[in-house]
Protein chains: 2
Amino acid sequence: MALPTAAPRPFIHQQNLVEQVADYLTQAIIQQHFLPGERLSEVQLSRDLGVSRAPVREAARLLESRGLLISKPRRGFFVRALNAVELEDVFDLRLCLERHAIQRLTERYTPEAQRALKQQVEVLCEAAAGNDGTRRIEEDLQFHRLMLHYAGNERLLRAFDDLAHELRLCITLITKTHEAPDTIATSHFKLLDALDSGSPAACREAIDYHIGVARKFVVKGVGETGDSSDEG
Amino acid sequence: MALPTAAPRPFIHQQNLVEQVADYLTQAIIQQHFLPGERLSEVQLSRDLGVSRAPVREAARLLESRGLLISKPRRGFFVRALNAVELEDVFDLRLCLERHAIQRLTERYTPEAQRALKQQVEVLCEAAAGNDGTRRIEEDLQFHRLMLHYAGNERLLRAFDDLAHELRLCITLITKTHEAPDTIATSHFKLLDALDSGSPAACREAIDYHIGVARKFVVKGVGETGDSSDEG
DNA sequence: GTTGGTAAAACTGTCGACAGTCGGCAATCG
DNA sequence: CGATTGCCGACTGTCGACAGTTTTACCAAC
């Protein structure tokens with residue numbers, strides 16, 4: 001069974017201008033080089049990147065479908081600005097998907113899945129100890145991707161991946177408030193314990209707690225930085 | 001809707017070419033004017049529609065993000081072919097989303113929502129009595145969209161809308177086996193009754209039953225027509 | 001100082017064209 | 001006779017350009 005390939009490029013040709021532009025824009029947005037609500041000029045971008053407008057437009061469409069950009073006809077593309085309500089919605093949907101996933105997972109919890117998840121938690125803990133905030137987030141997401149993957153519904157995983165782009169957006173939006181390494185470890189080990197117990201109720205409780213913690217962190221962060229509510 | 005079988009009017013005049021092309025392609029795919037797995041030529045399409053390749057490409061990207069087309073680098077776009085497993089996954093995800101939605105709905109079941117849903121069921125029943133299969137499906141989906149809407153999470157609704165495109169794909173794929181009008185009515189009235197009762201357990205049971213029925217119909221249909229074995 | 005109108009600038013939507021690449025076919029070689 | 005290789009056609013990826021629209025800047029009037 002092929003492990004899910006998370007972010008950038010494990011393989012495959014990167015001679016694709018569209019993908020390159022999309023990656024560039026994604027990074028730029030997540031790292032806040034563009035402010036939320038900011039308008040992106042196609043000509044400006046194509047000049048900066050040294051390509052024509054066609055691949056820029058296609059990449060922008062791609063990011064629009066991922067919820068990172070918003071297109072307004074005859075106006076152009078704008079960086080998605082999440083307000084508090086939308087943020088709650090994102091985490092609520094995440095809860096919806098992961099509850100379902102973990103329930104399915106209890107019905108097909110193979111030793112292979114157990115091993116892979118445990119290993120990923122270790123990787124995550126290692127990453128959490130370091131300073132690279134981006135990597136910590138990616139390893140965290142990768143753990144959840146693994147859960148979704150072993151839940152045995154690829155479409156469910158795709159839905160999570162779609163959502164993950166927005167998750168990155170609002171998580172890195174408040175990169176200052178990051179959880180302590182031991183909190184992360186505890187939180188994920190609880191998930192593993194619940195899965196090992198085989199009890200759906202315990203799993204549900206664990207995932208509710210887990211996502212609730214993450215949600216609280218982000219909501220708190222938005223409260224501190226002030227929510228970005230401007231988008232006509 | 002006048003769908004061109006051989007030679008469409010080579011001219012579409014309205015503002016948004018991309019959306020028009022996307023709508024045209026969506027209809028054409030759903031109504032099986034293109035077979036699953038078939039390759040779509042950009043030049044051919046742009047010639048037929050009387051537009052340039054740029055809007056065709058953008059529309060194709062859009063449909064790719066909706067899961068109706070699949071892009072292979074340097075090869076072009078292919079009509080998505082769903083196999084049995086993917087089909088199960090689609091309905092499982094639908095179950096995931098609607099379970100969550102109906103649970104939320106019980107917590108905020110306003111008279112307005114009640115009225116709107118009831119009215120939509122009546123519209124649906126009326127549509128079910130007629131012969132227009134497409135309209136019946138649309139009104140059915142619209143009822144569920146309303147449920148998702150009144151569940152109060154716009155992101156959840158968007159996830160459903162994304163999925164709905166694939167639902168249409170596999171439902172109309174087997175348009176012959178359509179449910180009897182009274183079955184549709186009964187099934188939806190059960191949902192309304194469950195919501196009126198205010199019991200989350202009853203709601204969950206109702207939605208599980210409802211989607212289970214729909215799933216069975218489609219799975220049966222695929223079994224009859226033979227599953228469209230997929231893309232390499 | 002503010003407001004309203006007009007004109008210029010910038011931008012998006014769309015188009016046609018060119019180059020690199022892929023798949024298929026046929027001629028050639030073992 | 002089967003496999004390999006070179007060629008040909010078709011197609012996608014990308015580009016620069018044009019037209020219509022939106023935004024902005026400027027100037028005049030109150």
Side-chain angles (χ1 to χ4, degrees), chain A residues 8-9 11-26 28-29 33-65 68-81 230-232, chain B residues 8-26 28-29 34-35 37-66 68-81 230-232:
Chain A
R9 60 251 130 189
F11 47 82
I12 297 203
H13 33 57
Q14 194 71 354
Q15 56 181 352
N16 218 342
L17 277 192
V18 176
E19 274 187 34
Q20 284 181 273
V21 174
D23 286 348
Y24 168 82
L25 285 179
T26 301
I29 291 173
H33 294 161
F34 302 127
L35 297 176
E38 184 174 343
R39 176 179 184 175
L40 298 188
S41 162
E42 296 177 6
V43 283
Q44 184 73 35
L45 284 174
S46 54
R47 259 199 302 263
D48 292 349
L49 299 177
V51 299
S52 85
R53 280 174 50 217
V56 171
R57 281 178 66 87
E58 294 196 15
R61 290 269 184 197
L62 187 62
L63 265 66
E64 183 193 7
S65 77
L68 294 184
L69 292 179
I70 289 182
S71 151
K72 301 186 183 181
R74 292 255 167 226
R75 298 282 314 280
F77 291 91
F78 297 77
V79 178
R80 174 84 178 279
D230 56 317
E231 47 152 318
Chain B
R9 263 204 75 63
F11 227 73
I12 312 177
H13 25 18
Q14 205 186 334
Q15 290 227 337
N16 215 340
L17 280 190
V18 175
E19 270 187 36
Q20 290 186 61
V21 174
D23 286 349
Y24 168 83
L25 286 179
T26 302
I29 291 173
F34 301 128
L35 297 176
E38 184 176 343
R39 176 180 181 175
L40 298 188
S41 162
E42 295 178 7
V43 283
Q44 184 75 32
L45 284 174
S46 55
R47 258 200 301 262
D48 291 348
L49 298 177
V51 299
S52 84
R53 280 177 49 220
V56 171
R57 282 176 66 87
E58 293 196 15
R61 290 271 184 195
L62 187 61
L63 265 66
E64 183 193 8
S65 79
R66 290 180 182 169
L68 294 184
L69 292 180
I70 289 181
S71 149
K72 299 186 185 180
R74 290 269 170 213
R75 294 289 316 283
F77 292 92
F78 296 78
V79 178
R80 173 85 179 278
D230 63 298
E231 75 284 0

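The structure displayed is predicted, hence computed values, not measured ones. Reminder, nothing fancy here: chain letters follow the sequence lines and each chain counts from 1.
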Return the 5'-most residue of the pair A:Val18, A:Pro73 with respect to DNA chain D, ranking by each residue's nearest nucleotide.
A:Val18

Of the listed nucleotides (D:dC15, D:dT12, C:dT14), which one gets closest to any side-chain atom of B:Leu17?
C:dT14

Supply the atom-to-atom distance B:Leu69 CG to B:Phe34 CZ, rounded to the nearest 0.5 angstrom.
9.0 Å

Looking only at side-chain N and O atoms, does B:Arg75 come under 4.0 Å of OP1 or OP2 in D:dC11?
no

Is any N or O donor-acceptor pair between the side chain of B:Arg74 and the base of C:dG23 shorter than 3.5 Å?
no

Between B:Ser52 and B:Arg39, just flag the one whose closest nucleotide in DNA chain C comes earlier from the 5' side.
B:Ser52

Base, sugar-phosphate alone, or nothing: which one does B:Leu40 contact when heavy atoms must sit under 4.0 Å apart?
sugar-phosphate

Name the one of A:Leu40, A:Val79, A:Ile29, A:Ile70 that satisfies side chain to side chain contact (heavy atoms under 4.5 Å, CB included) with A:Leu63?
A:Ile29

Using whole Å, what does the distance between atom C1' of nucleotide C:dA17 and atom CZ of B:Arg57 come to?
14 Å

For A:Arg61 and C:dT14, give me the distance from atom CZ to atom C1', rounded to whole Å.
12 Å

Answer yes or no: does atom CD of B:Glu19 have more than 12 heavy-atom neighbours from other residues, nucleotides or ligands under 6.0 Å?
no

In whole angstroms, how far is the P atom of D:dT12 from the CZ atom of B:Arg47?
11 Å

Atom-pair distance (CZ on B:Arg53; P on D:dA10), nearest Å:
15 Å

Roughly, in whole Å, what's the span from CG in B:Asn16 to C1' in D:dG20?
14 Å

4.5 Å side-chain heavy-atom contact, B:Glu64 and B:Arg61:
yes

How many Å lie between CZ on A:Phe78 and P on C:dC11, as a whole number?
12 Å

Provide, to the nearest angstrom, the distance between the CD atom belonging to A:Gln20 and the C1' atom belonging to D:dT14.
13 Å

Without decimals, in angstroms, what is the distance between B:Glu42 CD and D:dT14 P?
11 Å

I need the minimum non-hydrogen distance between A:Arg39 and A:Arg75, along with the two atoms involved.
NH2-O, 2.9 Å

